[in-house]
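Any value given below was found using the heavy atoms of this structure, including those in side chains, with hydrogens, waters and symmetry copies removed. Below, chains carry the letters A, B, ... as their sequence lines are ordered, and counting in each starts from 1.
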Amino acid sequence: MRKAAPCLPSPGFAFPDWAYKPESSPGSRQIQLWHFILELLQKEEYQGVIAWQGDYGEFVIKDPDEVARLWGIRKCKPHMNYDKLSRALRYYYNKRILHKTKGKRFTYKFNFSKVVLVNYPLLDVAAACCTCVREEDR
DNA sequence: CTCGGAACAA
DNA sequence: TTGTTCCGAG
């Protein structure tokens, strides 16, 4: 049921299946956690809180409480904390969106399976993609 | 800290 | 379905 048609003709550019996921009734209205993480990762002002580190796709949460606070604000969940946020992150393991970098504290890694090119405006492209991809399956 | 079951919300 | 909340176990 998770079938989305790629819409970017851009050569040398590919996003994982889970990247395009405008499903659900609200139609991509609701912010996904992984999207939010990517959003923070994209902004330099949050490098003291969360930042890329290590291999491609690997990031470390330097300030769990702050990330949880920001996520709580975004989702209107005042009582959010890293414990609960990380539970949501753990659900991503089976969805193959994230993986844990064991041994390293607060460190996770995105499953950019076949993505080439690293320094690209990921979110802008992802957003544009979500806009033009039309779901045909419920 | 990290993991994952279970109940529950939207 | 994706998260949220609670929580025992490792």
Minimum heavy-atom separation for A/Leu40 to A/Tyr46, with atom names?
O-CB, 3.8 Å

Tell me: CD1 of A/Ile97 to C1' of C/dT1, nearest whole Å?
12 Å

Phosphate-side-chain proximity, A/Lys100 and B/dT2, N/O vs OP1/OP2 below 4.0 Å:
yes

Does the side chain of A/Phe36 reach to within under 4.5 Å of the side chain of A/Leu70, using non-hydrogen atoms?
yes

Between B/dC1 (P) and A/Asp63 (CG): distance, integer Å:
12 Å

Pick base, sugar-phosphate or nothing for A/Leu85, based on heavy-atom distances below 4.0 Å to the nucleic acid.
nothing

Mind checking whether A/Ile37 and A/Tyr91 sit in one hydrophobic cluster, side chains of I, L, V, M, F, W, Y counted as touching below 4.5 Å?
no

Integer-rounded Å distance: B/dC3 P and A/Asn94 CG:
11 Å

At 4.0 Å (heavy atoms only), tell me whether A/Lys77 reaches a base, stays on the sugar-phosphate, or touches nothing.
sugar-phosphate

Using every non-hydrogen atom in the two residues, find where A/Val60 and A/Arg105 come nearest and quote the distance to one decimal.
CG2-O, 3.9 Å

Reckon A/Tyr91 touches a base, only the sugar-phosphate, or nothing at all at heavy-atom distances under 4.0 Å?
base

In whole angstrom, give the distance that lies between atom NZ of A/Lys102 and atom C1' of C/dG10.
12 Å

Side-chain donor or acceptor of A/Arg87 under 3.5 Å from a matching atom on the base of C/dG3?
no

Which atom names give the shortest non-hydrogen contact between A/Ala68 and A/Asn81, and what distance separates them?
CB-C, 3.4 Å

Mind checking whether A/Ile50 and A/Tyr108 have side chains closer than 4.5 Å, heavy atoms only?
no

Please classify the nucleic acid contact of A/Phe36 as base, sugar-phosphate, or nothing, using heavy-atom distances under 4.0 Å.
nothing

Does C/dG3 have its OP1 or OP2 closer than 4.0 Å to a side-chain nitrogen or oxygen of A/Gln32?
yes

Counting only side-chain nitrogens and oxygens, does A/Lys84 get under 4.0 Å of the OP1 or OP2 atom of C/dT5?
yes

In whole Å, I'd like the distance from the CG atom of A/Leu98 to the P atom of C/dT2.
13 Å

With a 4.0 Å cut-off on heavy atoms, is A/Arg90 in touch with a base, just the backbone sugar-phosphate, or nothing at all?
base

Minimum-distance nucleotide (side-chain atoms of A/Met80 versus B/dC3, C/dT5, B/dT2)
C/dT5

Expressed in angstrom and rounded to an integer, what is the separation of A/Gln30 atom CD from C/dT4 atom P?
9 Å

Please give, in whole Å, the distance from B/dT2 P to A/Ile61 CD1?
9 Å

Nearest-nucleotide comparison on DNA chain C, the residue closer to the 5′ end among A/Asp83 and A/Trp71
A/Trp71

Interatomic distance, A/Tyr82 OH vs C/dG3 P [rounded to whole Å]:
16 Å

Any side-chain N or O of A/Tyr92 less than 4.0 Å from the OP1 or OP2 oxygen of C/dG3?
yes

Which one, B/dC1, C/dT5, C/dG3, comes nearest to the side chain of A/Lys75?
C/dG3

When you check the phosphate oxygens OP1 and OP2 of C/dT2, does a side-chain N or O of A/Lys95 lie under 4.0 Å from one of them?
yes

